[in-house]
Amino acid sequence: MLVLVAPGQGAQTPGFLNPWLDLPGVEDRLREWSAAIDLDLVHYGTNADADEIRDTAVAQPLLVASALVSARQLFPTAEDFARLVGATAGHSVGELAAAALAGVLPEQAALELVRKRGLAMADAAAVTETGMSALLGGDADVVLPHLEKLGLTPANVNGAGQIVAAGTAEQLAALAEDKPEGTRRVVALKVAGAFHTEHMAPAVEVLESAVRELSPADPHTRYVSNKDGAVVASGTEVVRRLVGQVANPVRWDLCMDTFKELGVTAIIELAPGGTLVGIAKRALPGVRTLALKTPADLDAARELIAEYATAAATTAE
């Protein structure tokens with residue numbers, strides 16, 4: 001079974017969209033979305049520096065747009081996606097891309113919602129100086145109580161020995177000085193606030209109002225939620241979870257558990273890929289992985305998808 005995943009905030013790097021603009025139709029689509037959300041995705045994906053694209057209000061739409069344009073290079077229609085992909089999920093803001101790909105929201109509606117999400121989370125982050133740091137290595141039974149002692153939230157429980165802590169600048173500084181036993185490194189992330197914590201409660205209120213105008217459809221492909229790793233079959237419930245997830249921890253470890261239970265044999269991570277397949281290599285040994293970093297990776301991805309198309313046709317016979 002093939003699983004398609006979309007990366008979260010922090011995956012963006014300066015100029016990462018440059019090679020994608022050489023593909024037919026990509027720049028036109030990005031400019032259309034840019035006009036709809038009043039944000040120049042082409043500029044930020046090509047010419048902006050690291051500080052500019054670190055801005056939450058910029059990074060989030062940029063990542064969803066890049067995931068969608070790279071996915072459409074592999075699956076031109078929703079029918080192709082539903083036929084060939086066994087399940088989809090996104091890490092944090094990547095859930096918006098996954099929801100669009102699964103047919104819950106039209107692409108432009110997903111971009112409009114993520115634009116509102118990014119602005120609301122940026123506003124919430126500006127209230128107090130907060131951030132996030134990844135802890136590499138260590139046992140969860142040791143790490144989690146240590147974070148609680150310091151007043152930090154385990155905002156991302158990613159599996160494979162990686163937990164991301166979130167909280168105030170002072171709390172994160174204390175963590176850097178006092179790592180949990182067994183943790184190899186504490187790495188500050190390129191994000192502007194303590195996402196997926198109580199600090200984001202004001203953003204939840206904004207999004208609750210924003211989604212009232214949406215008419216979500218039920219997903220045509222299994223949608224795996226960050227909340228608890230559950231497969232969610234109701235479009236209304238997907239959207240409800242997208243809103244609440246802003247202020248609640250990402251349980252990517254539980255998403256991977258679900259992939260395993262569903263029988264995953266291959267994972268493709270959409271652009272700008274790398275982070276999630278890195279975790280999968282450690283947590284899901286034996287599962288084939290492929291990250292879309294540039295269009296040069298598309299041929300390998302198509303070959304992998306073709307294997308699944310052949311297998312599906314054989315099974316149907």
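In what follows, every heavy atom counts, from backbone to side chain, and hydrogens, waters and symmetry copies are set aside. None of the values given here were measured: they were computed from a predicted structure. Each residue takes its place number in the sequence, starting with 1.
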Kindly indicate whether the side chain of Thr258, heavy atoms from C-beta on, has any atom under 4.5 Å from the side chain of Arg222. no
Does some side-chain heavy atom of Ile305 sit less than 4.5 Å from a side-chain heavy atom of Ile268? yes
Carefully, step by step, assess Trp20 and Leu298 under the rule side chain to side chain contact (heavy atoms under 4.5 Å, CB included). CA-CA 11 Å; Trp20 295 94; Leu298 287 170; 4.0 Å; yes
Rounded to the nearest 0.5 angstrom, the CG-CG distance for Asp257 and Leu284 is 8.0 Å
Euclidean distance, Leu30 CG relative to Thr46 OG1, rounded to 0.5 Å: 9.5 Å
Step by step, would you call Phe16 with Leu62 a side chain to side chain contact (heavy atoms under 4.5 Å, CB included)? CA-CA 10 Å; Phe16 78 96; Leu62 192 59; 3.7 Å; yes
Evaluate the side-chain proximity of Leu147 to Ile163: yes if any heavy-atom separation is below 4.5 Å, no if none is. yes
So do Val246 and Arg117 actually touch side chain to side chain, heavy atoms under 4.5 Å? yes
Might you point out which heavy atoms bring Ala97 and Ala67 nearest each other, and give the distance in Å? CB-CB, 3.8 Å
For the pair Thr294 (side chain) and Ala296 (backbone), establish whether a donor and an acceptor sit closer than 3.5 Å, ignoring hydrogens and angles. yes
Donor-acceptor contact present, side-chain Thr265 to main-chain Met1, <3.5 Å: yes
Cluster question for you: counting only ILVMFWY and a side-chain heavy-atom cut-off of under 4.5 Å, with indirect links fine, are Leu270 and Leu68 together? yes
Looking at Val264, Ile267, Ile279, Val3, which hits side chain to side chain contact (heavy atoms under 4.5 Å, CB included) with Met256? Ile279
Working to the nearest 0.5 Å, report the span between CD of Glu112 and CG of Leu214. 9.0 Å
Would Tyr223 end up clustered with Val5 when hydrophobic side chains under 4.5 Å apart are linked, directly or stepwise? no
Let me confirm one number: the CD1-CG distance from Ile37 to Leu111, rounded to the nearest 0.5 Å. 5.0 Å
Listed once per pair and sorted, the side chain to side chain donor-acceptor pair (under 3.5 Å) pairs that draw on residues 196-206, sequence neighbours left out: Ser92-His196
Assigning hydrophobic clusters by single linkage (Ile, Leu, Val, Met, Phe, Trp, Tyr; side-chain heavy-atom cutoff under 4.5 Å), is Val114 placed with Val238? yes
At what distance, to the nearest 0.5 angstrom, does NZ of Lys227 lie from CG of Leu254? 11.5 Å
Applying ring pair (Phe, Tyr, Trp, His ring centres under 6.0 Å) to Phe259 and not counting sequence neighbours gives Trp252
Shared hydrophobic cluster for Met132 and Leu150 (ILVMFWY, side-chain gaps under 4.5 Å): no
May I ask you to say whether Glu307 pairs ionically with Arg288, meaning some side-chain N is under 4.0 Å from a carboxylate O? yes
Contact summary for Val224 and Gly229, nearest pair of heavy atoms: CG1-O, 3.5 Å
Report the distance from atom CG of Asp40 to atom CZ of Arg31, rounding to the nearest 0.5 Å. 6.0 Å
Tell me whether Arg302 is salt-bridged to Asp299, with the criterion being a basic N under 4.0 Å from an acidic carboxylate O. yes
Side-chain (Gln171) to main-chain (Leu152) donor-acceptor, under 3.5 angstrom: no
Show the numbers, then the answer: is there a side chain to side chain contact (heavy atoms under 4.5 Å, CB included) between Val239 and Leu105? CA-CA 9 Å; Val239 171; Leu105 298 172; 4.3 Å; yes
So, the side chain of Gln245 versus the backbone of Pro249: is there a donor-acceptor pair under 3.5 Å, distance only? yes
Ignoring hydrogens and geometry, is there a side-chain-to-backbone donor-acceptor pair from Asp228 to Ala230 under 3.5 Å? yes
Please report the shortest heavy-atom distance between Ala140 and Pro145, naming the atom on each side. O-CD, 3.9 Å
Test your reading of the model: is there a side-chain donor-acceptor pair from Glu269 to the backbone of Val277, 3.5 Å cut-off? yes
Heavy atoms of other groups near Asp49 CG, more than 12 under 6.0 Å: yes
Has Thr183 got a side-chain atom pairing as donor or acceptor with Leu135's backbone, closer than 3.5 angstrom? no
What one should report as the nearest heavy-atom pair of Cys255 and Ser225 is SG-O, 3.3 Å
Backbone N or O of Ala98 within a donor-acceptor pair of the Thr88 side chain at under 3.5 Å? no
Answer yes or no: is there a side-chain heavy-atom contact under 4.5 Å between Glu32 and Gln108? yes
Closest heavy-atom contact between Leu242 and Ala99? CD1-CB, 4.2 Å
Heavy-atom side-chain contact between Thr275 and Pro7 under 4.5 Å: no
Has Arg185 got more than 12 heavy atoms of other residues, nucleotides or ligands less than 6.0 Å from its CZ? no
Can a salt bridge be assigned to the pair Glu237 and Arg240 using a cut-off of 4.0 Å between side-chain N and carboxylate O? yes
Judged by atom type as modelled, is there a donor-acceptor pair below 3.5 Å linking the side chain of Gln12 to the main-chain atoms of Ile53? yes
Please name all residues satisfying ring pair (Phe, Tyr, Trp, His ring centres under 6.0 Å) with Phe75, sequence neighbours left out, ordered by chain then number. Phe81
Which heavy atom in Val186 sits nearest to a heavy atom in Ser133, and how many Å separate them? CG1-CB, 3.7 Å
With a cut-off of 6.0 Å (strictly less than), are more than 12 heavy atoms of other residues, nucleotides or ligands near CD of Glu52? yes
Does this structure show an ion pair linking Lys116 with Glu213, if we count only N-O contacts that are shorter than 4.0 Å? yes
State, yes or no, whether a side-chain contact exists between Val26 and Arg72 at a heavy-atom distance under 4.5 Å. no
Check whether Leu113 and Met200 end up in the same hydrophobic cluster, where Ile, Leu, Val, Met, Phe, Trp and Tyr are linked by side-chain heavy atoms less than 4.5 Å apart. yes
Output yes when Arg241 and Glu95 qualify as a salt bridge under the 4.0 Å nitrogen-oxygen rule, no when they do not. no
Ion pair check, Glu79 and Arg83, cut-off under 4.0 Å: no
With a 4.5 Å heavy-atom cut-off, do Leu17 and Pro272 have their side chains touching? no
Set out, in order, the CA-CA distance, both residues' side-chain angles and the distance that settles side chain to side chain contact (heavy atoms under 4.5 Å, CB included) for Lys260 and Val287, then state yes or no. CA-CA 9 Å; Lys260 188 174 182 179; Val287 173; over 6 Å; no
When you check the gap from the basic side-chain N to the acidic O, do Asp51 and Arg54 get nearer than 4.0 Å? no
Ignoring hydrogens and geometry, is there a side-chain-to-backbone donor-acceptor pair from Asn226 to Gly90 under 3.5 Å? yes
